[in-house]
Protein chains: 2
Amino acid sequence: MQFTKAEEYGMQGVLHLADKGKDVVTPLSEISEARDIPEKFLAKIFQSLSRSGILRSHRGVRGGFTLAKPPGEITVKDVLEAIQGPYHLTKCIPDPDSCPRSDSCAMRELLVTAEERLLEVFVKHTLEDVVHMERSMSAPSPEKPNP
Amino acid sequence: MQFTKAEEYGMQGVLHLADKGKDVVTPLSEISEARDIPEKFLAKIFQSLSRSGILRSHRGVRGGFTLAKPPGEITVKDVLEAIQGPYHLTKCIPDPDSCPRSDSCAMRELLVTAEERLLEVFVKHTLEDVVHMERSMSAPSPEKPNP
DNA sequence: TCTATATGCAATTCACCAAGGCCGAAGAAT
DNA sequence: ATTCTTCGGCCTTGGTGAATTGCATATAGA
Ligand code: SF4
Ligand code: SF4
């Protein structure tokens with residue numbers, strides 16, 4: 001697997017919204033410029049996210065996008081799956097019939113486990129978590145917490 | 001990410017060899033037919049595996065391939081990485097310079113963790129383990145272990 | 001020698017990612 | 001009502017890599 005640009009951009013865009021707060025309406029143009037993302041591409045990604053109920057769009061003057069729910073209630077997995085659909089290492093995992101060998105395939109068992117481990121990480125972190133991490137990483141003066 | 005056919009076929013081929021034992025020389029034609037893999041494609045994959053020191057090739061009449069090491073000393077990760085190189089969710093993980101934001105990117109931290117969890121599974125299982133699993137799954141009469 | 005087998009390189013086909021363009025729809029401000 | 005801004009949907013393009021196939025060569029056993 002490889003992360004696609006769509007996932008990359010989508011996460012960045014959503015994190016930008018999460019960072020500004022749940023109800024701040026932000027137009028594509030701002031996000032696109034701030035995070036260096038092709039605007040039309042981001043538009044397409046955000047459309048998927050709107051349809052999935054993660055974002056809410058607001059048309060017209062001073063329109064833009066907001067989160068549909070508080071950042072603490074949206075997991076990273078929610079965002080990623082809304083962008084490119086369910087993630088699977090092979091087709092035989094969601095659909096065992098796609099491979100005639102799947103009944104007695106030990107590799108498949110391994111892959112199921114591997115996939116679970118991977119997704120656990122994305123399920124256990126919400127946008128709020130990531131924003132907090134981001135803020136603490138770019139703290140202004142981390143070397144003087146207690147002068 | 002998505003498993004490629006090369007990985008899929010490569011694993012199947014290597015498992016076929018592991019199942020027959022370390023020193024049984026088996027030609028491509030047999031593996032190709034038994035596991036339903038395009039022969040020329042498997043040839044290319046096995047070349048990578050030979051160069052990586054996982055397989056040993058034997059040319060000429062009655063030639064073919066064998067494992068270079070006992071099945072218990074080859075991990076699933078060894079095979080997969082020999083086929084498509086190191087696996088990474090994003091370019092920024094092996095090479096932080098590839099993204100200007102990598103210094104203060106919280107997503108990257110998450111991805112590093114996720115990748116570790118995924119690879120752990122592949123490192124902890126050898127070909128021997130998988131072959132054992134395979135045999136126990138297709139046991140002839142599992143309902144009568146002790147008549 | 002003859003034949004079976006791997007090796008190496010080239011070429012092809014196909015799917016999908018990434019991006020951009022155009023026009024229409026919706027909604028706020030006036 | 002008009003106008004301007006912003007999202008929405010559709011279609012097109014270019015590029016990259018996966019998946020396969022073909023052919024000529026090298027090697028080694030019978
Ligand atoms: S051989 Fe096993 S791992 Fe591969 S597609 Fe079939 S069931 Fe899945
Ligand atoms: S933004 Fe973060 S996750 Fe994305 S490529 Fe850059 S460092 Fe990696």
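A salt bridge does not link A:E8 with A:K5: none of the charged nitrogens is closer than 4.0 Å to a carboxylate oxygen.
Of all heavy-atom pairs between B:I45 and B:G10, the closest is CG2-CA, 3.8 Å.
For the pair A:Q12 CD and C:dA18 C1', the computed distance is 17 Å after rounding to whole Å. Across the protein-nucleic acid pair, B:E8 atom CD and D:dT20 atom C1' stand 16 Å apart, rounded to whole Å.
Contact annotation: A:S29 side-chain N/O to D:dT6 OP1/OP2 distance is not under 4.0 Å. The side chain of B:Y9 places no N or O atom within less than 4.0 Å of a non-bridging phosphate oxygen (OP1 or OP2) of D:dA19.
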Assess whether side-chain hydrogen bond (donor to acceptor under 3.5 Å, both in side chains) is satisfied between B:Q84 and B:T4, documenting all intermediate values. CA-CA 9 Å; B:Q84 16 173 260; B:T4 63; 2.9 Å; yes
As a quick check of understanding, evaluate salt bridge (Lys or Arg N to Asp or Glu O under 4.0 Å) for B:D19 and B:R135, giving each step before the final call. CA-CA 9 Å; B:D19 183 57; B:R135 284 181 183 151; 3.1 Å; yes
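Sequence neighbours left out, the pairs with a member in residues 21-45 of chain A that pass ring-ring contact (aromatic ring centres under 6.0 Å, His included) are A:Y9-A:F41. For residues 101-124 of chain A, there are no ring-ring contact (aromatic ring centres under 6.0 Å, His included) pairs, not counting sequence neighbours.
Near DNA chain D, meaning a heavy atom under 4.0 Å from it, residues 31-56 of chain B has B:P38, B:K40, B:F41, B:K44 in order of number.
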Going 5' to 3' through nucleotides 25-30 of chain C, assign each nucleotide B (protein heavy atom under 4.0 Å from a base atom), S (under 4.0 Å only from sugar-phosphate atoms) or - (no protein heavy atom that close). BSBB--
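Within a 6.0 Å radius of CG in A:D95, more than 12 heavy atoms belonging to other residues, nucleotides or ligands are found. Shown here is B:K91, whose NZ atom has no more than 12 heavy atoms of other residues, nucleotides or ligands within 6.0 Å.
Taking the C1' atoms of five terminal pairs at each end of the helix from C:dT1-D:dA30 to C:dT30-D:dA1, the two resulting helix axes are inclined by 10°, rounded to 10°.
For A:E30, the side-chain hydrogen bond (donor to acceptor under 3.5 Å, both in side chains) test picks out A:H16, A:K20, with sequence neighbours left out.
A:V112 and A:L119 fall within a single hydrophobic cluster, where Ile, Leu, Val, Met, Phe, Trp and Tyr side chains are chained together by heavy-atom contacts under 4.5 Å.
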